[in-house]
2 protein chains.
Amino acid sequence: MANIRDVAKAAGVSVTTVSRVLNNQPYVKEEKEAAVKKAIKETGYIPNINAVNLKKGKTNLIGVVLPFLDQPYFSNLVQGISQAASVHQYKLVLYQTGYHEHQEKEALEMLKLKQIDSLIICSRKISLDIVESYQQYGNIVLFEDGEQTSLSYTFIDHYACFIKALEYLYEHGHREIGFSINRLEGTNSRQREQAYRDFLKLKGLPYNEKYIFKKCLNIEDGERILKEMGTFQKRPTAILATGDQVAAGIITSSSKYQLKIPEDLAVIGFDDQPIARAMSITTVDIPLYSIGQLLFEQAVSEKVSHKEVSAELIERSTV
Amino acid sequence: MANIRDVAKAAGVSVTTVSRVLNNQPYVKEEKEAAVKKAIKETGYIPNINAVNLKKGKTNLIGVVLPFLDQPYFSNLVQGISQAASVHQYKLVLYQTGYHEHQEKEALEMLKLKQIDSLIICSRKISLDIVESYQQYGNIVLFEDGEQTSLSYTFIDHYACFIKALEYLYEHGHREIGFSINRLEGTNSRQREQAYRDFLKLKGLPYNEKYIFKKCLNIEDGERILKEMGTFQKRPTAILATGDQVAAGIITSSSKYQLKIPEDLAVIGFDDQPIARAMSITTVDIPLYSIGQLLFEQAVSEKVSHKEVSAELIERSTV
DNA sequence: TTGTAGGCGTTATCAA
DNA sequence: TTGATAACGCCTACAA
């Protein structure tokens, strides 16, 4: 493996000049620059990242905090981040937390110990105060509305999305609308719940605690919803499922409960995952791949920024 | 950030001694070792990985080649690899290839250029000859039967699995058995097809080209299978779907084609993913998470090794 | 058993 | 516009 000195020798210049060319700095005569570039090609020189990093005091590593990787929601996000990272020569360190605070904290500690340059938090349980206290050690980017913080973030207006979907169901004649959620504590979940409450108030509809199905994440949970609903005297005519997986679960097990989709029960999913396309589920499209790219850009950017990404309702056949 | 010299000073020894303690090498008096350990704690010293790597000429990075990340099959594998990697202080570099040979080659080149220490190839298109030619630059581990190579690998005996599943269907009275596959070229796919042919011959059953459904990967593809089958004069009574996703697709769209599962059509999936549990799909369980851990161990091991992992048929309600 | 000193491959300061 | 040289933090002959 050729090093910078070999290149310098081959080009008949000093290592400083080579370094200048490498980092496109000014003060290099054109002919010397050409000579260096030629030498780089001839020697097959590749900079030693460890040496560069050691010198510059950075790692070129970006941490990614997420609860699980085997959910399309997160793996799509990671695909986007990973793609952007590879373009910029960054590597990823995945922290699968399972929503355990100590695991999330561990990732933050890595930032403090300079084991990683920045941290992207895709979903979290730990409090924002704690997260913010680590900001001094490196860039931290959130995938949520971090309004009350001084951190960079990219977010989707879940409040608006939810209102949009509710309005759509309302237009289709639905007055008894339920929804599922995973963890009620999350920022996104709170926005959705608030939208739900506000919408009901606006339309003069009653609020029914039982219509909120908690801890819903997977296909199994979709079935659980129907099971629970079977015990109700009066049941919702439409469900806003937070996630296409849950929507799919509702739909696949609907026949078991003698429910026709959408006649007896309308369903809207979230994320527009392959399963939604396959099963023709009406859903709210969230462009996770592009969001991943945005999150990466923010993670390596010098300045704090906030980006909002919009989501579209995709009409298919479950409403 | 304290460095090794600060620790040495605090402990009243030389940096060499500290380094020895750090790397648990012999020739350090107990009391000095204790002093060093105390100093490490007090100063909050953390080794600078870049310096260590620079000195040792390695990166502590493991490349992972896979076509997609947003399929549970691969994301589960990555979860296992990632978990093992974090324990051993290794970081991952994901190469999402989409089965493009040039992307796979890029990952191999990274190995050659010492940008990564080892490479785990979860699935590939590029020829084994080419892969093998990069072995000199670092450990390469395959997730397939690499019998004809000198590489490390972990594999599942897909031939045996397939025979087992076919036998199970046969016992349940099925004589017209079809199967789906993704890419026929893959090592695993070839084993499966061979098992299929051998099984038919063994049982004296006719081979029907049309019963092999190619390019099947997702839920959508499951529906496509039923659509195709609708055009057959005689159709299979059972399908071995390579992947629970495909099985799920078959099942969810079966009612559309007036097919009852399992009475009219039996289905066996692969991988035992959440969707299989949710929909009670009979499947062949492949322990991807543990396999990921094995692959990592092989990636950092000094010596070439081969491991076989067995898969179990899980009886549920689609046969 | 311990310590000194040189070098891994870069970048950056400073003098020329 | 160039180049010599001192770091960055660590490991490891080699000497003691």
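Basis for what follows: all heavy atoms, side chains included, without hydrogens, waters or symmetry-related copies. Residue numbering restarts at 1 for every chain, and letters A, B, ... go by the order of the sequence lines. Keep in mind that this is a model prediction, so the values were computed, not measured.
Atom CD in A:E30 sits about 10 Å away from atom P in D:dT1, given to the nearest Å. For the pair A:N23 CG and C:dA12 P, the computed distance is 7 Å after rounding to whole Å. Straight-line distance from the CD atom of A:E33 to the C1' atom of D:dT2: 14 Å, rounded to whole Å. Distance CG (A:L54) to P (C:dC8): 14 Å, rounded to an integer number of Å. If you take CG of B:N48 and P of D:dC10, they are 6 Å apart, rounded to a whole angstrom. Atom CG of A:N53 is separated from atom C1' of D:dA7 by 16 Å (rounded to the nearest Å). The distance between atom NZ of A:K9 and atom C1' of D:dA4, rounded to the nearest whole Å, is 15 Å. For the pair B:L22 CG and D:dC10 C1', the computed distance is 9 Å after rounding to whole Å.
Between the side chains of A:Y99 and A:S123, at least one donor N or O sits under 3.5 Å from an acceptor N or O. Side chains of B:S150 and B:E132: a donor-acceptor N/O pair is present below 3.5 angstrom, by distance only.
Here the side chain of A:R183 pairs no donor or acceptor atom with the backbone of A:E185 at under 3.5 angstrom.
Of the candidates D:dT12, D:dT2, C:dC8, D:dT12 carries the atom nearest the B:T16 side chain, counting heavy atoms from C-beta on. Of the listed nucleotides (D:dG3, C:dT2, C:dG9), D:dG3 has the atom at the smallest distance from the side chain of A:K32. Taking only side-chain atoms of B:K56, from C-beta outward, the nucleotide of D:dC11, D:dG3, D:dT1 with the closest atom is D:dC11.
Checking A:R20 against B:I49, the closest nucleotide of DNA chain D that is more toward the 5' end is the one next to A:R20. Nearest-nucleotide positions on DNA chain D for A:K29 and A:V15 put A:K29 closer to the 5' end.
If you look at B:Y90 and B:F296, their ring centroids are closer than 6.0 Å.
An OP1 or OP2 oxygen of D:dG3 is reached within less than 4.0 angstrom by a side-chain nitrogen or oxygen of A:S14.
Shown here are the salt bridge (Lys or Arg N to Asp or Glu O under 4.0 Å) partners of B:K37, two or more places apart in sequence or in another chain: B:E33.
Judged by atom type and distance alone, A:K55 does not reach the base of C:dT10 through any side-chain donor-acceptor pair under 3.5 Å.
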